[in-house]
Novice: 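Here it is, the structure in full.
On a predicted model such as this, the values are computed, not experimentally measured, just so you know.
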Number of protein chains: 2
Amino acid sequence: MTPSSASIAHASNNDFYADNEKLYVATDCIVFGFDGEDLKLLIFKRRVEPDSGIWSLIGSFVQLDENVDDAARRVLKEITGLEQIFLEQSKTYGKADRDPGYRCLSVAHYALIRLEDYDRELVESHGAFWYTLKELPTLALDHDQMVADALDKLRRKARQQPIGFELLPEKFTIPQLQKLYEAIYQRDLDPRNFRKKVLSLKVLVKLDEKDKSGSKRGAFLYRFDADKYEELLESGYNFEI
Amino acid sequence: MTPSSASIAHASNNDFYADNEKLYVATDCIVFGFDGEDLKLLIFKRRVEPDSGIWSLIGSFVQLDENVDDAARRVLKEITGLEQIFLEQSKTYGKADRDPGYRCLSVAHYALIRLEDYDRELVESHGAFWYTLKELPTLALDHDQMVADALDKLRRKARQQPIGFELLPEKFTIPQLQKLYEAIYQRDLDPRNFRKKVLSLKVLVKLDEKDKSGSKRGAFLYRFDADKYEELLESGYNFEI
DNA sequence: GTTTTAAGCGTACAAAATACGTTTTTTTAA
DNA sequence: TTAAAAAAACGTATTTTGTACGCTTAAAAC
């Protein structure tokens, strides 16, 4: 074992792993979607032995030459076919006994995707399915905890950044946006106050079209103005919703 | 390589590391202190080759049979002599090239300690020193980024949880507490409004003693009531400061 | 005893969150 | 054809919270 320049980062550099031991690093993804009513999670059921039939999050080992966040993106692309989606590190799970098979640590990430965008065939071919939070079965290992933690992160994030648009189609109505925030926060919101609040952020562009799927009268469609958002963000604007 | 029950957690289980390759896992600690005026950070300067003279955060490799957070606690005890201090995971740094020597990923943690509590001899013997944020030298690897991220976490955390008490002595005055929050938020606060706000949280117990070090008149000492805090927390109280 | 300084208390104003009434548009059914 | 129903869209009142700032008080220093 040759000490490199990197070893200065550590108080003691005599605790390298023995050559016959290994510590694995994986990443697991908590993938959120929204169907207009409920928040959904993408999980998969293993179809071959061992552990056939057990539900778990999608994930993979991190390759030796791969950035950890790239590993998460790779998994997402592999299962959903999607690239360039919202992905953020959630938390690292590092209990020595978290995986009964061998020492493996997992860097969890959460992702937000549009339910109409993903590759249905690809998802099915991996044995993956969308579940609402309420119907979610018990997951393998510490994955239930990962989901709980990611939900908490999502809620905090949604409160301070207009993140909801990542889960909706390009065009959406204000009542649809409200339903999403109600699903995230798990509580009802007043439609009049929600509209007032969200329009006051000045990042929505009203379109000339209406969506009639939700009501008799129909509601105007809006789109999120990313440029306007960046602009306001730089001027120290507060985006609490 | 024997696939264990754990491999169900992953979409593909054919990407184990080759037997001659290794991915190391370390933890680095961002240790905050408060001297009454400024936030301080504990960093250490390597005194032996290679890389003698380079400043970095304190850290260590994670042992194979050790929980990641226990590794962070071990480091803290090793350098400061302290146990049972506030420690929270910050973020994991996993870029493949973050350490030029070998593939090493670091799970950063931040800690809050009372400056009068730590073991001075032990700290010195490890070549560690307290630096104010403004005077902080450039650190090794991605440690500057770790500090910036941890500071951001600390600020957010302090806003929603009465965390400041971890950095102050058991007994403290309200002006002292204000100085701390001014150091954390990097902005001046109005003493009258700060007092009003902090007393409205109902988690401070006024003592019969005064501290005269800060002013001629002296200020009453308070202590944090952890039981009261837990109680109010459970009843859904909001602790924004 | 007068001055100085920060602690401590109080009040006025502004901004944000919340509650809730009213009108409008369109579909469905009488 | 008209009335009822339902949700969208707009508006206003009230409450809560945040911010600005004046005044008094206690104790040391001169």
Novice: Would you say CD of B:Glu121 has more than 12 non-hydrogen atoms from neighbouring residues, nucleotides or ligands within 6.0 angstrom?
Specialist: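 Not more than 12 within 6.0 Å, no.
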Novice: I need the CG-P distance between A:Leu189 and D:dA8, as an integer number of Å.
Specialist: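 From A:Leu189 CG to D:dA8 P: 14 Å.
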Novice: Looking at B:Leu168, B:Ile30, B:Leu154, which hits side-chain contact (heavy atoms from CB on, under 4.5 Å) with B:Leu112?
Specialist: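 Exactly one pass, corresponding to B:Leu154.
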Novice: What's B:Pro175 touching, base or sugar-phosphate or nothing? Going by heavy atoms closer than 4.0 Å.
Specialist: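 Result for B:Pro175 = sugar-phosphate.
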Novice: Atom CG of B:Leu199 to atom P of C:dA7: distance rounded to whole Å?
Specialist: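 From B:Leu199 CG to C:dA7 P: 14 Å.
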Novice: If we only count heavy atoms from C-beta on, is the A:Leu105 to A:Tyr93 side-chain gap below 4.5 Å?
Specialist: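 No. Closest side-chain heavy atoms not under 4.5 Å.
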Novice: Could you run down the sub-3.5 Å N/O contacts of the protein with nucleotides 27-30 of chain D?
Specialist:
| unit_1 | atom_1 | unit_2 | atom_2 | d |
| --- | --- | --- | --- | --- |
| D:dA27 | O3' | B:Lys216 | O | 3.4 |

Novice: Flag this pair as yes if the NZ/CZ of A:Arg114 is under 6.0 angstrom from the six-membered ring centre of A:Phe86 and inside a 45 degree cone about the axis; otherwise no.
Specialist: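 No cation-pi geometry.
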Novice: Working to the nearest 0.5 angstrom, can you tell me the gap between A:His143 NE2 and A:Leu57 CG?
Specialist: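 One gets 5.0 Å once the value is rounded to the nearest 0.5 Å.
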Novice: Write down the distance between CZ (B:Arg195) and C1' (C:dT11), rounded to a whole number of angstrom.
Specialist: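 One finds 17 Å between C1' of C:dT11 and CZ of B:Arg195, rounded.
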Novice: Taking CG from B:Asp188 and P from C:dA6, how many angstroms apart are they, rounded to a whole number?
Specialist: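 These atoms are roughly 14 Å apart.
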Novice: Rounding to a whole Å, what distance do you find between A:Glu182:CD and D:dA7:P?
Specialist: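 For the pair A:Glu182 CD and D:dA7 P, the rounded distance is 13 Å.
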Novice: What's the CZ-C1' distance between A:Phe220 and C:dT24, to the nearest Å?
Specialist: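 These atoms are roughly 11 Å apart.
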Novice: Given that B:Asp190 and B:Thr173 both sit by DNA chain C, which one's nearest nucleotide is further toward the 5' end?
Specialist: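 It is B:Thr173, whose closest nucleotide lies nearer the 5' terminus.
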Novice: Just checking A:Lys40: does its NZ atom have more than 12 heavy atoms from other residues, nucleotides or ligands closer to it than 6.0 angstrom?
Specialist: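 Yes, enclosed.
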Novice: Pick out the pairs of N or O atoms, protein on one side and nucleotides 12-19 of chain D on the other, that lie under 3.5 Å.
Specialist:
| unit_1 | atom_1 | unit_2 | atom_2 | d |
| --- | --- | --- | --- | --- |
| D:dT12 | O4 | A:Lys196 | NZ | 2.9 |
| D:dG18 | OP2 | B:Lys197 | NZ | 3.1 |
| D:dT19 | O4 | B:Lys196 | NZ | 3.0 |

Novice: Side-chain contact test, heavy atoms from C-beta onward, threshold under 4.5 Å: evaluate it for A:Ile113 versus A:Tyr118 and give yes or no.
Specialist: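 Sidechains of A:Tyr118 and A:Ile113: in contact.
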Novice: Quickly work out the B:Arg192 CZ to C:dC13 C1' distance and round it to whole Å.
Specialist: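 From B:Arg192 CZ to C:dC13 C1': 14 Å.
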Novice: Tell me: CG of A:Leu207 to P of D:dA9, nearest whole Å?
Specialist: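 Rounding to the nearest Å, CG of A:Leu207 and P of D:dA9 are 12 Å apart.
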Novice: May I ask you to decide if the ring planes of B:Phe165 and B:Phe172 are parallel, tilted or perpendicular, using 30° and 60° as cut-offs?
Specialist: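 Tilted: the ring planes of B:Phe165 and B:Phe172 meet at 30° to 60°.
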Novice: Indicate the ring-plane relationship of B:Tyr229 and B:Phe239, choosing parallel, tilted or perpendicular according to the 30° and 60° boundaries.
Specialist: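 Because their plane-to-plane angle is over 60°, the rings of B:Tyr229 and B:Phe239 count as perpendicular.
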